A.B. asks: 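My questions all concern the structure below.
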Amino acid sequence: MDRYLVFGHPVRHSKSPFIHTLFARQTQQELEYGLAEPAVDEFAQALRTFFDQGGKGCNVTVPFKEQAFTLVDCLSPRAKRAGAVNTIKLTDDGVLLGDNTDGAGLVADLKSHGVTLADSRILLLGAGGAARGALAPLLAELPSELVIANRTHTKAQQLAAEFHDLGPVIAQTYEQLAGSFDLVINSTSASLQGELPPLAPALIHSDIAIYDMMYGASDTAFISWAKQHGARQTMDGLGMLVEQAAEAFTVWRGIRPGTKQVLRELKRNLGVI
């Protein structure tokens, strides 16, 4: 039976085995999917061993995405742009192909919620790996402007300069943010600590769409804050998790699973519904 894994540290909390088991059942694919939590300095060896022992593909999560980028034989265009790999496939030719499905998963989830990206003004909070993975797919949707804000402004500037050839992307400090945004995406991990990015409440209005890449059994700190200040449409990253997994499954198996029922099952598993 074909074997797949998710590598991370820590990774025991991962819902990827749950999601991919449901995908396999839905598409009648025979595979098994497990967890691997090597020490931070042992990832490269663990990855090699997995594929040497017949592994077919894997997902890669924190903190190994940038390291995986350097360990594969070739990269997809979106992985090159992201500078990180979250999906690896062993091709029929024995080549390790590195891909990044995070941004595609984000865009798919936004669209599933009816969010219009074309001609919209988007604010992206954070300039780390999650933001980097999201930028090219977001810009491909032709927004009118994409603004990056980050606590360390120079990181936002560097990111904007790197992706400027793909569309109208600029960097601003939190203090410089002004005007009306159609969509705010929080790519920072602040919600994991119950903290908030330093965003002015005046930027939130009733017609804005709020997206937090983090998720939990209840509203994240950022979503709770946005609701308190009048946002009516709020979304967490659970749908993105399922959509990026579906994209990875498609890379591996050549068949795209449906996501709606799997997302419902995942919410039940988490106690969200």
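No experiment lies behind these values; they were computed from the predicted model shown.
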A.B. asks: Would you mind checking if Lys227 and Asp219 are paired as a salt bridge, meaning a charged N to carboxylate O distance below 4.0 Å?
C.D. replies: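 Salt bridge flag = yes for Lys227 with Asp219.
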
A.B. asks: My understanding is that only one of Ile185, Asp109, Thr188 makes a side chain to side chain contact (heavy atoms under 4.5 Å, CB included) with Met213; could you say which?
C.D. replies: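 Among Ile185, Asp109, Thr188, the one that satisfies the side chain to side chain contact (heavy atoms under 4.5 Å, CB included) with Met213 is Ile185.
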
A.B. asks: Quick one: side chain to side chain contact (heavy atoms under 4.5 Å, CB included) partners of Leu196, sequence neighbours excluded?
C.D. replies: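 Side chain to side chain contact (heavy atoms under 4.5 Å, CB included) check on Leu196 returns Ala221, Phe222, Trp225.
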
A.B. asks: Any sub-3.5 Å donor-acceptor pair from Lys111's side-chain atoms to Thr116's backbone N or O?
C.D. replies: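 Pair absent, no side-chain N/O of Lys111 close to backbone of Thr116.
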
A.B. asks: Report the residues that fulfil side chain to side chain contact (heavy atoms under 4.5 Å, CB included) with Ser180, sequence neighbours left out, ordered by chain and then residue number.
C.D. replies: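 Partners of Ser180 under the side chain to side chain contact (heavy atoms under 4.5 Å, CB included) test: His205.
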
A.B. asks: Quick test of your reading: applying salt bridge (charged side-chain N to carboxylate O under 4.0 Å, His left out), list the pairs with at least one residue in residues 10-25, sequence neighbours left out, ordered by first then second residue.
C.D. replies: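 The answer is Arg12-Glu37.
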
A.B. asks: Considering non-hydrogen atoms only, spot the tightest contact between Ala79 and Gly98 and give its length.
C.D. replies: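 So the two residues come closest at CB-O, 3.6 Å.
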
A.B. asks: Test: salt bridge (charged side-chain N to carboxylate O under 4.0 Å, His left out). Region: residues 182-201. Which pairs qualify, not counting sequence neighbours?
C.D. replies: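 Every candidate salt bridge (charged side-chain N to carboxylate O under 4.0 Å, His left out) pair involving residues 182-201 fails, so no pair, neighbours aside, qualifies.
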
A.B. asks: Does any part of the side chain of Leu97, heavy atoms only, come nearer than 4.5 Å to the side chain of Asp73, both counted from C-beta?
C.D. replies: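 No, every pair of side-chain atoms sits at 4.5 Å or beyond.
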
A.B. asks: Taking the side chain as every heavy atom from C-beta outward, state whether Leu199 and Leu123 have any atom pair closer than 4.5 Å.
C.D. replies: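 Touching, per the 4.5 Å side-chain cut-off.
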
A.B. asks: Do the charged groups of Arg132 and Glu162 touch, with an N to O distance under 4.0 Å?
C.D. replies: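 Here Arg132 pairs with Glu162 in a salt bridge, since their nearest N and O are under 4.0 Å apart.
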
A.B. asks: Compute whether any side-chain donor of one residue and acceptor of the other, for Thr49 and Gln45, lie under 3.5 angstrom apart.
C.D. replies: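 Yes, a side-chain donor-acceptor pair sits under 3.5 Å.
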
A.B. asks: Is there a chain of hydrophobic side chains (I, L, V, M, F, W, Y, each step under 4.5 Å between heavy atoms) that links Trp252 to Val72?
C.D. replies: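 Not linked; separate clusters.
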
A.B. asks: Begin from the C-alpha positions of Glu265 and Val262 and carry the test side chain to side chain contact (heavy atoms under 4.5 Å, CB included) through to its verdict.
C.D. replies: CA-CA 5 Å; Glu265 292 293 334; Val262 172; 5.6 Å; no

A.B. asks: Quick one: which residue pairs count as a ring pair (Phe, Tyr, Trp, His ring centres under 6.0 Å) with a foot in residues 29-49, not counting sequence neighbours?
C.D. replies: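 Those involving residues 29-49 are Phe7-Phe43, His20-Tyr33, Phe43-Phe64.
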
A.B. asks: Salt-bridged, Lys56 to Asp92, with N to O below 4.0 Å?
C.D. replies: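 No salt bridge links Lys56 with Asp92.
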
A.B. asks: With salt bridge (charged side-chain N to carboxylate O under 4.0 Å, His left out) as the rule and sequence neighbours excluded, what pairs involving residues 112-122 come up?
C.D. replies: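 Counting only pairs at least two positions apart or across chains, the salt bridge (charged side-chain N to carboxylate O under 4.0 Å, His left out) contacts touching residues 112-122 are Arg121-Glu145.
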
A.B. asks: List the residues meeting side chain to side chain donor-acceptor pair (under 3.5 Å) with Gln26, not counting sequence neighbours, and say none if there are none.
C.D. replies: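 Gln26 satisfies side chain to side chain donor-acceptor pair (under 3.5 Å) with no residue once adjacent residues are dropped.
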
A.B. asks: Taking the side chain as everything from C-beta on, heavy atoms only, tell me whether Leu5 gets closer than 4.5 Å to Asn59.
C.D. replies: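 In short, these two side chains do not touch, never coming nearer than 4.5 Å.
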
A.B. asks: Within the 4.5 Å heavy-atom criterion, are Tyr211 and Thr234 side-chain neighbours or not?
C.D. replies: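 Side-chain contact under 4.5 Å: no.
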
A.B. asks: So Glu141 and Val107, do their side chains get closer than 4.5 Å, heavy atoms only?
C.D. replies: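 The answer is yes, as the side chains (C-beta and beyond) meet within the 4.5 Å cut-off.
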
A.B. asks: With salt bridge (charged side-chain N to carboxylate O under 4.0 Å, His left out) as the rule and sequence neighbours excluded, what pairs involving residues 196-206 come up?
C.D. replies: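 For residues 196-206, and leaving out neighbouring residues, there are no salt bridge (charged side-chain N to carboxylate O under 4.0 Å, His left out) pairs at all.
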
A.B. asks: Apply side chain to side chain contact (heavy atoms under 4.5 Å, CB included) to Val62 and list each qualifying residue two or more places apart in sequence or on a separate chain.
C.D. replies: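 If we apply the side chain to side chain contact (heavy atoms under 4.5 Å, CB included) test to Val62, skipping adjacent residues, there are no hits.
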
A.B. asks: Show me the side-chain donor-acceptor pairs of residues 237-244 shorter than 3.5 Å, one per line, residues at least two apart or across chains.
C.D. replies:
| from | atom 1 | to | atom 2 | distance (Å) |
| --- | --- | --- | --- | --- |
| Glu243 | OE2 | Thr259 | OG1 | 2.9 |
| Gln244 | OE1 | Asn86 | ND2 | 3.2 |
| Gln244 | OE1 | Thr101 | OG1 | 3.1 |
| Gln244 | NE2 | Leu241 | O | 3.2 |

A.B. asks: When you check the side-chain N and O atoms of Ser191 and Asp212, is any donor under 3.5 Å from an acceptor?
C.D. replies: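 A pair is found: one side chain offers a donor N or O, the other an acceptor, under 3.5 Å apart.
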
A.B. asks: Determine, stepwise, if the pair Lys155 / Ile148 fulfils side chain to side chain contact (heavy atoms under 4.5 Å, CB included).
C.D. replies: CA-CA 9 Å; Lys155 287 187 177 181; Ile148 306 170; over 6 Å; no

A.B. asks: Would you say Phe23 ends up clustered with Val6 if hydrophobic residues are merged whenever their side chains have heavy atoms under 4.5 Å apart, either directly or through other cluster members?
C.D. replies: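 Hydrophobic grouping puts Val6 with Phe23.
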
A.B. asks: With sequence neighbours excluded, tell me which residues meet side chain to side chain donor-acceptor pair (under 3.5 Å) with Thr61.
C.D. replies: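 With sequence neighbours excluded, Thr61 shows a side chain to side chain donor-acceptor pair (under 3.5 Å) to no residue whatsoever.
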
A.B. asks: Scan residues 99-144 for pairs that pass ring pair (Phe, Tyr, Trp, His ring centres under 6.0 Å), counting only residues two or more places apart or in two chains.
C.D. replies: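 Qualifying pairs: none.
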
A.B. asks: Quick one: does any side-chain atom of Asn150 pair with a main-chain N or O of Thr152 as donor and acceptor, under 3.5 Å?
C.D. replies: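 Yes, because the side chain of Asn150 sits within donor-acceptor range (under 3.5 Å) of the backbone of Thr152.
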
